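Just below is one structure, and these are the notes that go with it.
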Amino acid sequence: MKCLLVEDDQALARELSQALRDGDWLVEHAANGQDADFLVRTEAYDTLILDVGLPDGDGTRWLAAWREDGIDLPVLILTARERWADKAAGFTAGADDYVTKPFEPAEVLFRLRALVRRSHGHAHPVLKVGELSLDTHTQHVTLVGRPVGLTAQETRLLGYLMHAAPRVVSRTELSEHVYDRDHEPDSNVIDVQVSRLRRKLGSWRIATQRGQGYRLLAEEPGSE
C-alpha cells in the first residue's frame, strides 16, 4: 500500500516515514500543501496523512478542495490541535480519522490499516479469500492454516489483490499502488512476481483476465 505523508516538520516526517516503511508501506513525502496538491492530483495513493499546520495554508483547506474535486482517498489528520472545534473542522473538511501529537507511530499504522480496509469494504483485520488469509497487522500469510513464506514485495502485491478481491486489478493499478514511484516496474516484472505467487499459492488462485489484469479467486474453477 502507498501513503502520501504531508508534514512540514522534517524530523517528524523522517521518523514517521521510517515507521511506515518498517510496517511494509510505500511512503512519499510532501512538506507543504502545494506539493501535496500536485501529487494527489497526479499520482495514485491508498491513503494520506495530513498535517493541519502547513506553511502554505491550513491542511483542512487543502482537504476541502480535494473533496470538492472528487478526490476520495482515505485521509488521516495529524495535528497538535486538541480542541473539539479543530477536530470538527477536520472531519467537516472530509477527514476520515484524527490523531493528535504527540503520538505513537504504531497507533498511526493501526489507524491507516483500518482506513484502507474499510475503503475496500473490509472490517476484519484478517483478510480472507477462500482458504488464503492475510493478517493486515503482521503481514503474515497463511494457506489452509499453514504459513506461506513470501518476500516483502510479494506480500504487498498479494495484499493489494486481496483488498481488491474479487475485482480485476490492472497492471497499471498494481504498478501505481504496489511499487515505489521511482522504481515502477514494467509489465514483465509484475508477471514474474505473479508467477512466483502462483507457484507458492496454487496457479489457479490468481487468474489472468486477458487485456484487463489479474483477479484473486476464492475457489478453483470447476470445483463446484
Side-chain angles (χ1 to χ4, degrees), residues 1-7 13-30 36 39-51 63 66 71-78 95-97 99 103-129 132-142 148 150-185 189-190 193-194 196-197 201 206 213-216:
M1 296 294 172
K2 186 180 289 187
C3 174
L4 176 61
L5 170 60
V6 187
E7 171 61 63
R14 285 193 297 271
E15 178 187 1
L16 189 51
S17 293
Q18 188 59 55
L20 288 165
R21 293 188 181 101
D22 290 344
D24 209 26
W25 284 77
L26 298 176
V27 186
E28 294 184 0
H29 173 236
L39 290 171
V40 163
R41 297 178 188 278
T42 58
E43 301 294 332
Y45 299 99
D46 297 290
T47 188
L48 184 151
I49 301 174
L50 178 64
D51 182 28
L63 176 56
W66 297 332
I71 298 172
D72 60 357
L73 79 166
V75 173
L76 172 68
I77 280 186
L78 192 66
D96 298 280
D97 204 352
V99 173
F103 59 85
E104 289 292 334
E107 179 184 359
V108 175
L109 285 169
F110 277 113
R111 290 179 180 272
L112 285 182
R113 290 172 185 139
L115 286 179
V116 171
R117 286 199 314 271
R118 290 199 294 268
S119 72
H120 286 274
H122 303 289
H124 200 282
V126 177
L127 305 181
K128 294 185 178 182
V129 178
L132 184 65
S133 298
L134 168 66
D135 188 321
T136 58
H137 293 320
T138 65
Q139 299 301 298
H140 290 165
V141 176
T142 61
V148 179
L150 301 178
T151 67
Q153 190 59 59
E154 289 169 349
T155 302
R156 280 194 291 268
L157 179 57
L158 178 63
Y160 196 85
L161 290 172
M162 292 188 73
H163 275 90
R167 180 172 62 84
V168 176
V169 181
S170 70
R171 288 179 173 82
T172 298
E173 184 176 346
L174 287 173
S175 176
E176 291 175 337
H177 290 266
V178 179
Y179 298 89
D180 190 281
R181 182 159 53 99
D182 296 330
H183 302 88
E184 289 183 353
V189 171
I190 296 176
Q193 292 185 339
V194 167
R196 291 173 179 168
L197 282 173
L201 303 175
I206 304 178
Y214 298 105
R215 183 163 66 95
L216 202 60

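Just so you know, these numbers come straight off a predicted model, no measurement behind them.
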For this session: Write down the atom of R215, the atom of P166, and the distance for their closest heavy-atom approach.
Result: CD-O, 2.6 Å

Problem set entry | Closest contact, heavy atoms only, S17 versus L5 | OG-CD2, 3.4 Å

Exercise. Side-chain contact, heavy-atom cut-off 4.5 Å: V75 with L115?
Worked result: no

Problem set entry | Any side-chain heavy-atom pair of Y45 and I71 under 4.5 Å | no

For this session: Output the distance between atom CD (E154) and atom CZ (R196), rounded to the nearest 0.5 Å.
Result: 6.5 Å

For this session: Take D96 and T47 through the test side-chain contact (heavy atoms from CB on, under 4.5 Å) and record every step on the way to the result.
Result: CA-CA 10 Å; D96 298 280; T47 188; over 6 Å; no

Problem set entry | Side-chain heavy atoms of R156 within contact of W25, under 4.5 Å | no

Exercise. From H29 NE2 over to I49 CD1, what is the distance, rounded to the nearest 0.5 angstrom?
Worked result: 10.5 Å

Exercise. So, do L109 and L20 sit near enough that their side-chain heavy atoms are less than 4.5 Å apart?
Worked result: yes

For this session: With the side chain counted from C-beta on, respond yes when L174 and L161 share a heavy-atom pair under 4.5 Å apart, and no when they do not.
Result: yes

Exercise. Does any non-hydrogen side-chain atom of V6 lie less than 4.5 Å from one of V40?
Worked result: no

Exercise. Looking at CG of D24 and CE of M1, how far apart are the two atoms once the value is rounded to the nearest 0.5 Å?
Worked result: 10.5 Å

Exercise. For the atom pair CG (D46) and CG (L26), what is the distance rounded to the nearest 0.5 Å?
Worked result: 8.5 Å

Exercise. Closest approach of D180 and K2, non-hydrogen atoms and distance?
Worked result: C-NZ, 4.5 Å

Seminar exercise, completed: Rounding to 0.5 Å, atoms CG (L197) and CD1 (I206) come to a distance of 4.5 Å

Exercise. How far apart are the closest heavy atoms of A95 and L63, and which atoms are they?
Worked result: N-CD2, 3.4 Å

For this session: Take R21 and Q18 through the side chain to side chain donor-acceptor pair (under 3.5 Å) test and state the conclusion after the steps.
Result: CA-CA 5 Å; R21 293 188 181 101; Q18 188 59 55; 4.8 Å; no

Problem set entry | Exercise: identify the closest heavy-atom pair between L134 and G159 | CD2-CA, 3.5 Å

For this session: Kindly indicate whether the side chain of E43, heavy atoms from C-beta on, has any atom under 4.5 Å from the side chain of L4.
Result: no

For this session: Would you check if there is a donor-acceptor pair between the side chains of H140 and D135 at a distance under 3.5 Å?
Result: no

Problem set entry | Stepwise side-chain contact (heavy atoms from CB on, under 4.5 Å) check, W66 with L73 | CA-CA 9 Å; W66 297 332; L73 79 166; 5.9 Å; no

For this session: State, to 0.1 Å, how close L112 and C3 come at their nearest heavy-atom pair, and which atoms those are.
Result: CD1-SG, 4.3 Å

For this session: Determine, stepwise, if the pair R167 / E173 fulfils side-chain contact (heavy atoms from CB on, under 4.5 Å).
Result: CA-CA 12 Å; R167 180 172 62 84; E173 184 176 346; 2.8 Å; yes

Exercise. Restricting to pairs with a member in residues 108-123, which pass side-chain hydrogen bond (donor to acceptor under 3.5 Å, both in side chains), not counting sequence neighbours?
Worked result: D97-R111, E107-R111, R117-T136

Problem set entry | Atom pair CD/CG of Q193 and L158 - distance to nearest 0.5 Å | 12.0 Å

Exercise. With a 4.5 Å heavy-atom cut-off, do V194 and I190 have their side chains touching?
Worked result: yes

